[in-house]
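Small disclaimer: the values here were computed from a predicted structure and weren't measured.
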Amino acid sequence: MHVLLTAGPTYEPLDPVRFIGNHSTGKMGYALAETFAAAGATVSLISGPTHLPDPTHPAIRTTRVQTAAEMYQAARAEAATADVWVFAAAVADYRPAEVAGHKIKKSGDTLTLELVKNVDIAFELGKTKRPEQFSVGFALETENEQVHALGKLQRKNFDLVVLNSLRDAGAGFRHDTNQITLLAADGSVTRFELKPKTAVAHDIVAAVLARLPHSHA
């Protein structure tokens, strides 16, 4: 079984020293990569900038990228041959319209930035998904969580969505723990208690393997 897995943040440059990013550490994605590999899968891990070392498991091949555009190109190169897609990265929705060639100097009391939309990696690849491929998305929400997550599932052709609510203490960015709800395309909803991210990874991988055609499992 070949798993394509995106992890971590993306950094969208403003100039040579500044970027737009987010607080994703990559811990959840890396834990998933290790867990899939331990279950016998070959993993193509496409990681945004993180402080984590590359996983050492021999079945994990790590590709490091910075921007959403680079992550899309790397993911697209692996998507056709992967049986399972897991989009665990926190990809920036927007990037600066122009990247300054030199450090932007301080002048005036305000600075206006024009941002343009980034490629939606899961949406674009979702258009190419074959029936035998299985796609897993992540939804980090703060309100109407299940409604938004189900919308994402349908829009991006996911088979399973891992919902994180930022209203749950200990869940989301910068934590070693996570609390998730799994929403499946068949309508089933499974809520888990707060757990270490390594244990959450086992729950997610078990849910994926249980739903795969037996030829993959």
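- Side-chain atoms of Asp15 come within 3.5 Å of backbone N or O of Arg18 as a donor-acceptor pair.
- Side-chain contact between Phe138 and Leu163 is absent, with no heavy-atom pair separated by less than 4.5 Å.
- Panel note: side chain Trp85, backbone Leu5; no donor-acceptor pair is recorded below 3.5 Å.
- No donor-acceptor distance shorter than 3.5 angstrom exists from the side chain of Asp54 to the backbone of Thr62, with no hydrogens or angles considered.
- Scanning all heavy atoms of the two residues, the minimum distance from Ile121 to Ala68 falls at CD1-O, 3.7 Å.
- Across Thr50 and Pro9, no two heavy atoms sit closer than the pair CG2-CD, 4.0 Å.
- Heavy atoms only, all atoms of each residue included: Ser24 and Ala90 are closest at CB-CB, 3.8 Å.
- Within the 4.5 Å cutoff, no side-chain heavy atoms of Tyr94 are placed close to those of Asn118.
- The distance from the CZ atom of Phe158 to the CZ atom of Phe87 is 6.0 Å, given to the nearest 0.5 Å.
- The backbone N or O of Thr81 sits less than 3.5 Å from a side-chain atom of His2, completing a donor-acceptor pair.
- For the atom pair Glu145 CD and Leu183 CG, the distance stands at 10.5 Å (nearest 0.5 Å).
- Looking only at atom types and distance, the side chain of Ser47 has a donor-acceptor partner in the side chain of Tyr30 under 3.5 Å away.
- When the options Thr35, Val205, Thr42, Val86 are evaluated for a side chain to side chain contact (heavy atoms under 4.5 Å, CB included) with Val3, the one that passes is Val86.
- To the nearest 0.5 Å, atom CG of residue Leu212 and atom CG of residue Asp83 are 8.0 Å apart.
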Could you walk me through whether Val84 and Val208 pass the side chain to side chain contact (heavy atoms under 4.5 Å, CB included) test, one step at a time? CA-CA 9 Å; Val84 177; Val208 171; 4.1 Å; yes
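- Taking the side chain as every heavy atom from C-beta outward, Tyr72 and Glu124 approach each other to under 4.5 Å.
- Taking every heavy atom of both residues into account, Pro96 and Leu14 meet most closely at CG-CD2, 3.4 Å.
- Phe19 forms part of a hydrophobic cluster together with Tyr11, judged by ILVMFWY side-chain heavy-atom separations under 4.5 Å.
- Atom OG1 of residue Thr181 and atom CG of residue Asn164 lie 8.5 Å apart, to the nearest 0.5 angstrom.
- Considering every non-hydrogen atom in both Leu125 and Thr128, the closest pair reads O-OG1, 2.7 Å.
- Counting only N and O atoms by type, the side chains of Thr10 and Glu12 include a donor and acceptor under 3.5 Å apart.
- Shown here are the side chain to side chain donor-acceptor pair (under 3.5 Å) partners of Thr112, two or more places apart in sequence or in another chain: there are none.
- For the pair Val200 and Met28, the minimum side-chain heavy-atom distance is below 4.5 Å.
- The distance from atom CD of Gln133 to atom CG of Leu4, rounded to the nearest 0.5 Å, is 9.5 Å.
- Under a 3.5 Å cut-off, the side chain of Arg211 and the backbone N or O of Ala184 do not form any donor-acceptor pair.
- You'll find the side chain of Pro13 reaches within 4.5 Å of the side chain of Thr67, heavy atoms only.
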Could you pull out all donor-acceptor pairs under 3.5 Å where a side-chain atom in residues 97-105 meets a protein atom, sequence neighbours excluded?
none

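- Comment: Glu78 engages Arg61 in a salt bridge, judged by a side-chain N to carboxylate O separation of less than 4.0 angstrom.
- No chain of hydrophobic side-chain contacts below 4.5 Å, direct or via other Ile, Leu, Val, Met, Phe, Trp or Tyr residues, connects Ile20 to Val91.
- Between Pro196 and Asp176, every side-chain heavy-atom pair lies at or beyond the 4.5 Å cut-off.
- Using a 3.5 Å distance cut-off with no hydrogens or angles, the side chains of Thr25 and His51 do not pair a donor with an acceptor.
- The two residues Lys129 and Ser135 have their closest heavy-atom pair at CD-CB, 3.6 Å.
- Between Leu52 and Lys27, the closest side-chain pair of non-hydrogen atoms falls below 4.5 Å.
- Atoms CG and CG, from Leu45 and Leu32 in turn, are 10.0 Å apart once rounded to the nearest 0.5 Å.
- Atom NZ of Lys127 has more than 12 heavy atoms from other residues, nucleotides or ligands within 6.0 Å.
- The shortest side-chain heavy-atom distance between Met71 and Arg76 does not fall under the 4.5 Å cut-off.
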Between Leu160 and Phe134, is a side chain to side chain contact (heavy atoms under 4.5 Å, CB included) present by the stated rule, with each step listed? CA-CA 8 Å; Leu160 193 68; Phe134 193 91; 4.1 Å; yes
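- Arg95 places a side-chain N or O within 3.5 Å of a backbone atom of Lys117 that can act as its donor or acceptor partner.
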